[in-house]
A.B. asks: 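Take this structure first; my questions come after.
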Amino acid sequence: MDKIYYLPTHEYIKVEGETGYIGISEYAAKQLGTVTYVDAPEDGDEFEAGEEFGAIESRKAASDLFAPVSCEVTEVNFALEGDPKLINNNPLEAWIIKVIIKDPTELEGLMDQKAYEEFCQNEKH
Amino acid sequence: MESEMKKTCLFDRHMALNAKMVPFAGYDMPIEYNGLDTEHNAVRTCSGLFDVSHMGEIYIAGRDAVRFVDHIFTNYAAPMKTGQVLYGMMTYETGGTVDDLLVYRLGDESFLLVVNASNLEKDIAWIRDCAEGYDVDIRDYSADCGQLALQGPDSEKIMKTVFGLDVSALTFYTFTVLDGNMIVSRTGYTGEDGFEIYADPRRIVEMWNSLTAYGIQPCGLGCRDTLRFEAGLPLYGDELAEDITPIEAGLGMFVKLDKPGGFIGSDVLAKQKAEGAVRKLVGLEIDSPATARHGFEVLDLDGAVVGHITTGYNSLTLGKNIAMAIVDARYAPLETKLQVRIRRKLAPATVIKKRFYVPQYKK
């Protein structure tokens with residue numbers, strides 16, 4: 001089973017060995033409403049952990065996207081360009097960027113599934 | 001933080017409807033109930049119900065009431081008939097905008113001013129400061145007054161079915177007083193036909209319950225903003241501000257520069273109108289899937305900054321990205337080609353009319 005980790009800003013990273021898939025959580029997708037646009041970086045772009053790598057927009061607002069770990073982009077999910085609502089349908093499948101994780105020890109500083117669910121519970125109140 | 005936030009009389013109703021709440025003008029307000037798009041479409045196609053109890057209501061009466069209202073208001077109050085509503089602004093000596101507001105003529109010597117919640121305290125202080133030497137009584141009724149807005153093409157029919165009220169004789173921007181203490185006006189902030197109802201909080205809650213029980217879609221502040229934006233209506237803080245005059249905002253038709261005695265700021269505004277404002281509010285159509293939002297830079301084709309976005313949305317009714325922007329007047333003519341900086345990218349933009357959606361008022 002893939003390991004999945006989250007940032008407090010609601011980005012997830014699904015980990016398969018050295019590869020990571022970065023997107024936004026189900027909770028965040030629901031909060032945003034219908035996604036109208038994903039502003040994604042390009043193949044080969046590199047980001048530090050915590051650095052802004054793009055933005056996601058709904059009719060309501062635009063939210064910056066932050067890199068959970070230091071990484072290099074190997075693929076951008078082009079399906080989202082034509083149909084950004086895929087994120088609403090299944091946020092965990094509709095990843096935004098595929099990356100190479102530079103330093104796997106950075107994952108230790110992120111929330112796992114259980115910690116993230118508790119975090120969202122607290123955010124509601 | 002949360003405990004300090006004010007609640008409208010309908011707060012418990014919003015909780016019961018599981019609304020998503022946000023802080024707005026010091027109030028804990030619903031931004032949406034069933035999704036912005038659903039609520040927006042309900043108002044455009046049938047009807048929607050808004051809690052706007054946060055709005056400020058200021059009562060002005062007395063021997064000098066007419067003269068005083070005309071002293072602080074850009075529109076012309078003296079010729080108003082009882083039962084009439086006028087839209088306009090209050091401006092500073094500089095011509096900058098204190099607030100935009102509705103003025104209701106309650107009687108020969110009495111008015112109700114309906115102001116933005118976010119400006120209420122500032123407005124009250126301003127009005128009191130300006131009242132020196134005028135024989136007027138100024139009262140803030142905001143805390144005792146609830147307000148609903150029923151908006152959309154079916155609103156007249158719904159008023160009849162749900163409340164037995166025949167409001168067909170009310171024309172746009174007129175009102176009636178029912179039972180001595182309830183105001184129903186044919187006004188709104190959506191570009192659709194509709195009514196705004198002012199009453200004591202208990203009655204407002206009863207009416208809200210009747211309307212939602214009948215199946216009217218409750219609507220949050222989210223679609224209130226997208227609806228007013230499509231209709232080209234300004235929001236204080238975006239299109240109007242202390243440093244944006246009504247002339248710059250293209251609201252000259254609500255500024256009566258030649259009324260007897262003028263009003264606070266009228267000299268500056270008259271000069272601005274005569275010489276031509278150096279900045280103007282325009283509409284922009286943006287050729288990009290990304291949305292230009294408040295504060296984003298507007299540039300000419302050479303890359304020089306010539307203004308900023310005041311409001312922008314991916315318009316549900318029009319299906320494209322549009323915005324309002326304050327730009328250097330040289331770039332205001334229709335069809336002018338500009339650019340908007342959306343994060344790291346520049347998007348092409350064209351100046352269009354800012355009334356993106358033609359309002360469907362019942363005149």
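Note: hydrogens, waters and symmetry copies are ignored here, and every other heavy atom, side chains too, is used. Below, chain A is the first sequence line, B the second, and so on; all start at residue 1. Owing to the predicted nature of the structure, the values given are computational and were not obtained by experimental measurement.
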A.B. asks: Among A:A55, A:G33, A:A62, which residue forms the greatest number of heavy-atom pairs with chain B at distances under 4.5 Å?
C.D. replies: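 Highest number of pairs under 4.5 Å: A:A62.
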
A.B. asks: Which answer fits B:S288, side chain, backbone, both or neither, if we ask what part of it has an atom under 4.5 Å from a heavy atom of chain A?
C.D. replies: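 Neither part; nothing is under 4.5 Å.
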
A.B. asks: Residues of residues 91-114 of chain A under 4.5 Å from chain B (heavy atom pairs)?
C.D. replies: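 None at all.
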
A.B. asks: Could you name the residues of residues 32-49 of chain B that have a heavy atom within less than 4.5 Å of a heavy atom in chain A?
C.D. replies: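 Within residues 32-49 of chain B, the residues under 4.5 Å from chain A are B:E32, B:L36, B:D37.
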
A.B. asks: With chain B as the partner, which of A:P84, A:S58, A:G54, A:A61 has the greatest number of non-hydrogen pairs under 4.5 Å?
C.D. replies: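 Option with the top pair count is A:A61.
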
A.B. asks: Hey, does the side chain of A:E57 reach the backbone of B:A290 with a donor-acceptor pair shorter than 3.5 angstrom?
C.D. replies: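 No, the answer is negative, given that no donor and acceptor are paired below the 3.5 Å cut-off.
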
A.B. asks: Starting from the C-alpha separation in whole Å, work towards a yes-or-no answer on side chain to side chain contact (heavy atoms under 4.5 Å, CB included) for B:K20 and A:K60.
C.D. replies: CA-CA 13 Å; B:K20 197 177 291 175; A:K60 261 179 288 181; 3.5 Å; yes

A.B. asks: With B:F229, which residues qualify under ring-ring contact (aromatic ring centres under 6.0 Å, His included), at least two apart?
C.D. replies: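 B:F229 satisfies ring-ring contact (aromatic ring centres under 6.0 Å, His included) with B:Y313, B:F356 once adjacent residues are dropped.
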
A.B. asks: For B:R355, is the CZ atom crowded, meaning more than 12 foreign heavy atoms sit under 6.0 Å from it?
C.D. replies: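 12 or below, so no.
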
A.B. asks: Which residues from residues 35-53 of chain A are near chain B, with near meaning under 4.5 Å between non-hydrogen atoms?
C.D. replies: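 Residues in range: A:T36, A:Y37, A:D39, A:A40, A:F53.
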
A.B. asks: Shortest non-hydrogen contact from A:R59 to B:L316?
C.D. replies: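 Closest approach of A:R59 to B:L316, heavy atoms only: NH2-CD1, 2.9 Å.
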
